[in-house]
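Position 1 is the first residue of the sequence; numbering continues from there.
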Amino acid sequence: MGARTKARKRALDTIFEADLKGISLPNTNTNDETDVDVTNYALILIKGIMENQTQIDELIAGSLQNWTFDRLPKVDRSILRIAVYELLFQKDVPTNVVLSEAVGLAESLSTAESSSFINGTLATISKKI
């Protein structure tokens, strides 16, 4: 597993925890000195999502079909936030990589239907961007 894949998983854990507990992102722990590249990219993702969360959430909400933003499972919402942040602000990450990584996280951590849902939602969002 590559450093950015690990970083996305670490960021997902942090974002999911904050959403679940109803706490702000800066109050969560991401410190891990064992892999600086993973920690650094995870912090970039978390900080970027925190600073742009309104824009990210509005883009997600406006792209949902037959769902409301609040009905999304928290893990799916967290995966979408990471992917949308990368699509908007991490121009060095190709769109197909963002979609593939998000679908992979959904396949391993969410429901059987989530990977298709996330793939479709991100395809819609990437066209808007």
Side-chain angles (χ1 to χ4, degrees):
M1 186 182 308
R4 285 200 171 180
T5 299
K6 289 178 186 177
R8 287 180 189 96
K9 172 65 171 81
R10 184 169 302 155
L12 174 62
D13 291 344
T14 302
I15 294 163
F16 176 77
E17 176 187 3
D19 197 16
L20 188 64
K21 292 180 178 180
I23 60 175
S24 62
L25 289 174
N27 294 330
T28 58
N29 183 14
T30 58
N31 294 330
D32 181 0
E33 299 302 323
T34 59
D35 194 333
V36 174
D37 291 337
V38 171
T39 299
N40 287 342
Y41 195 65
L43 290 172
I44 287 169
L45 294 173
I46 293 164
K47 182 179 178 194
I49 291 165
M50 181 183 68
E51 291 172 353
N52 300 285
Q53 188 166 344
T54 300
Q55 178 185 3
I56 291 166
D57 288 356
E58 287 173 355
L59 188 54
I60 294 168
S63 301
L64 297 174
Q65 297 178 4
N66 303 322
W67 281 91
T68 61
F69 186 78
D70 293 334
R71 281 188 55 214
L72 289 176
K74 289 182 185 341
V75 69
D76 293 355
R77 188 167 46 220
S78 299
I79 292 168
L80 286 168
R81 284 175 172 157
I82 292 168
V84 170
Y85 172 78
E86 286 190 300
L87 288 171
L88 288 170
F89 300 105
Q90 293 300 113
K91 299 301 183 190
D92 65 320
V93 183
T95 300
N96 62 332
V97 171
V98 173
L99 272 63
S100 177
E101 291 283 326
V103 168
L105 285 169
E107 286 174 347
S108 65
L109 299 170
S110 195
T111 67
E113 298 83 23
S114 288
S115 59
S116 298
F117 172 77
I118 285 175
N119 188 51
T121 302
L122 290 175
T124 300
I125 291 169
S126 67
K127 290 176 188 171
K128 290 181 180 182
I129 296 173

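Using a distance-only test at 3.5 Å, with no hydrogens or angles considered, no donor-acceptor pair links the side chain of Ser100 to the main chain of Asn96. The backbone N or O of Leu59 lies less than 3.5 Å from a partner atom in the side chain of Ser63, making a donor-acceptor pair. Side chain of Arg81 to backbone of Asp57: no donor-acceptor contact under 3.5 angstrom is found.
Residue Ile56 comes nearest to Ile49 through the heavy atom pair CD1-CA, 4.0 Å, listed as atom of the first residue, atom of the second, then distance. A pairwise comparison of heavy atoms in Ala102 and Ala83 identifies CB-CB, 4.0 Å as the closest pair. Across all non-hydrogen atoms, the minimal contact from Gly48 to Tyr85 is CA-CE1, 3.3 Å. Annotation for Ser126 and Thr95: closest pair CB-CG2, 3.9 Å, computed over non-hydrogen atoms.
Between atom CG of residue Leu80 and atom CZ of residue Phe69 there is a gap of 8.0 Å, rounded to the nearest 0.5 Å. Between Asp76 atom CG and Thr121 atom OG1 the span is 9.0 Å, to the nearest 0.5 Å. Atom CD1 of residue Ile118 and atom OG1 of residue Thr111 lie 8.0 Å apart, to the nearest 0.5 angstrom. Rounded to the nearest 0.5 Å, atoms OG (Ser115) and CG (Leu99) are 12.0 Å apart. Atoms CZ and CD1, from Phe89 and Ile44 in turn, are 13.5 Å apart once rounded to the nearest 0.5 Å. Annotation: the span from Leu45 atom CG to Thr14 atom OG1 amounts to 10.0 Å, rounded to 0.5 Å.
Atom NZ of Lys21 has 12 or fewer heavy atoms from other residues, nucleotides or ligands within 6.0 Å.
Using a 4.0 Å cut-off between charged side-chain N and carboxylate O, Arg4 and Asp92 make a salt bridge.
Side-chain atoms of Leu122 and Val84, non-hydrogen and from C-beta on, do get closer than 4.5 Å to each other. The shortest side-chain heavy-atom distance between Leu105 and Glu101 does not fall under the 4.5 Å cut-off. Under the 4.5 Å side-chain criterion, counting only non-hydrogen atoms from C-beta, Glu113 is not in contact with Phe117. The closest side-chain heavy-atom distance from Val38 to Lys9 is not below 4.5 Å. In this structure, Arg77 and Ile15 have side chains that are not in contact, with every pair of non-hydrogen atoms separated by 4.5 Å or more.
Hydrophobic clustering of Ile, Leu, Val, Met, Phe, Trp and Tyr side chains at less than 4.5 Å, counting indirect connections, keeps Val103 apart from Ile125.
In this structure, Arg8 is not positioned above the aromatic face of Tyr41 in the sense of NZ or CZ being under 6.0 Å from the six-membered ring centre and within 45° of the axis.
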